[in-house]
Engineer: 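The structure follows.
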Amino acid sequence: LDRLSAAVALGCAGALLYRRRAQVLLKLGRPRATIQDCTRALGANPGLGGAYKLRGRARARLEQWEEAHLDFQEGLRLDFDEACQDEADAAKAKFEEQRAAQELASGQLWEIVGGAD
C-alpha cells in the first residue's frame, strides 16, 4: 500500500495504478477508500470493468445495495465473469429486499397518519 500510495503521490497515477491500490485497500478492509480509488480509475478509463466490479464489492460491504448492483452490472457488461455475476445477483436481491421493506414502512406510515381510507 505504501509503495502504491508513493507512486500516486508522484503524480503519475493512471487507471491501473488506482485500481491496484483499490484492491489492496479492500483487502485491508477500507471500502470507502476503495470506492474513491475506483472512481479515480474510472475517471481516467471508463472502460475498466474491473474497477466497476471492485467498487461494487466495496459498496456491497457498506450495504449500498443499489449502487453495488449498478456497478456490478456495468462491470459485467464490460468484462463478464460468472463469479461476479453471482455477486451482482446477491446485491440485486438485497436491494430489492431493502426497497420492499422501505415501501412497506412507507405504506404503514401513510396509514398511521390517516392518508389511506
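Just so it is clear, the model here is predicted, and its values are computed rather than measured.
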Engineer: Show, in sequence, the C-alpha distance, side-chain angles and deciding distance for Leu76 and Gln73, and conclude whether the side chain to side chain contact (heavy atoms under 4.5 Å, CB included) test is met.
Structural biologist: CA-CA 5 Å; Leu76 288 166; Gln73 289 305 306; 4.3 Å; yes
Engineer: Which distance, rounded to the nearest 0.5 Å, do you find between the CG of Leu54 and the CZ of Arg20?
Structural biologist: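 Separation between the atoms: 10.0 Å.
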Engineer: Hey, what do you get for CD (Glu96) to NE2 (His69), rounding to the nearest 0.5 Å?
Structural biologist: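 The distance works out to 7.5 Å.
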Engineer: What heavy-atom pair brings Ala68 and Gly56 nearest, and what distance separates the two atoms?
Structural biologist: CB-O, 3.4 Å
Engineer: Can you find a pair of side-chain heavy atoms, one from Thr34 and one from Leu28, that are under 4.5 Å apart?
Structural biologist: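 They are not in contact (no side-chain heavy atoms under 4.5 Å apart), so the answer is no.
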Engineer: Which residues pass the side-chain hydrogen bond (donor to acceptor under 3.5 Å, both in side chains) test with Asp81, sequence neighbours left out?
Structural biologist: Lys53
Engineer: Quick check: closest heavy atoms across Cys38 and Ala22, and the distance to 0.1 Å?
Structural biologist: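 Shortest heavy-atom contact: SG-CB, 3.7 Å.
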Engineer: Under the side-chain contact (heavy atoms from CB on, under 4.5 Å) test against Tyr52, which residue among Arg77, Glu74, Arg19 passes?
Structural biologist: Glu74
Engineer: Which other residues end up in the same hydrophobic cluster as Leu62, if Ile, Leu, Val, Met, Phe, Trp and Tyr are linked when side-chain heavy atoms come under 4.5 Å apart?
Structural biologist: Ile35
Engineer: Step through the shown structure and confirm whether more than 12 heavy atoms of other residues, nucleotides or ligands are within 6.0 Å of CD on Glu82.
Structural biologist: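 Result for CD/Glu82: open.
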Engineer: Would you find a donor on one side and an acceptor on the other, under 3.5 Å apart, between the side chain of Arg57 and the backbone of Leu26?
Structural biologist: no
Engineer: What pair of heavy atoms forms the shortest contact from Glu67 to Arg59, and how long is it?
Structural biologist: CB-CD, 3.4 Å
Engineer: Mind checking side-chain hydrogen bond (donor to acceptor under 3.5 Å, both in side chains) for Gln85 and listing every partner two or more places apart, or none if nothing turns up?
Structural biologist: Asp89
Engineer: Quick one: are Asp37 and Arg40 in side-chain contact, heavy atoms under 4.5 Å?
Structural biologist: yes
Engineer: Can you measure from CD (Gln36) to CZ (Arg30) and round to the nearest 0.5 angstrom?
Structural biologist: 9.0 Å
Engineer: Between OH of Tyr18 and CG of Leu25, what distance do you get to the nearest 0.5 Å?
Structural biologist: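 One gets 12.0 Å once the value is rounded to the nearest 0.5 Å.
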Engineer: What distance do Glu97 atom CD and Trp65 atom CH2 have between them, rounded to the nearest 0.5 Å?
Structural biologist: 9.5 Å
Engineer: Is there a path of hydrophobic side-chain contacts, each under 4.5 Å between heavy atoms of I, L, V, M, F, W or Y residues, that connects Phe95 with Phe72?
Structural biologist: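 No; Phe72 is not reachable from Phe95 via cluster members.
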Engineer: Does CZ belonging to Arg99 count more than 12 external heavy atoms closer than 6.0 Å?
Structural biologist: yes
Engineer: State the NZ-NZ distance between Lys94 and Lys92, to the nearest 0.5 angstrom.
Structural biologist: 16.0 Å
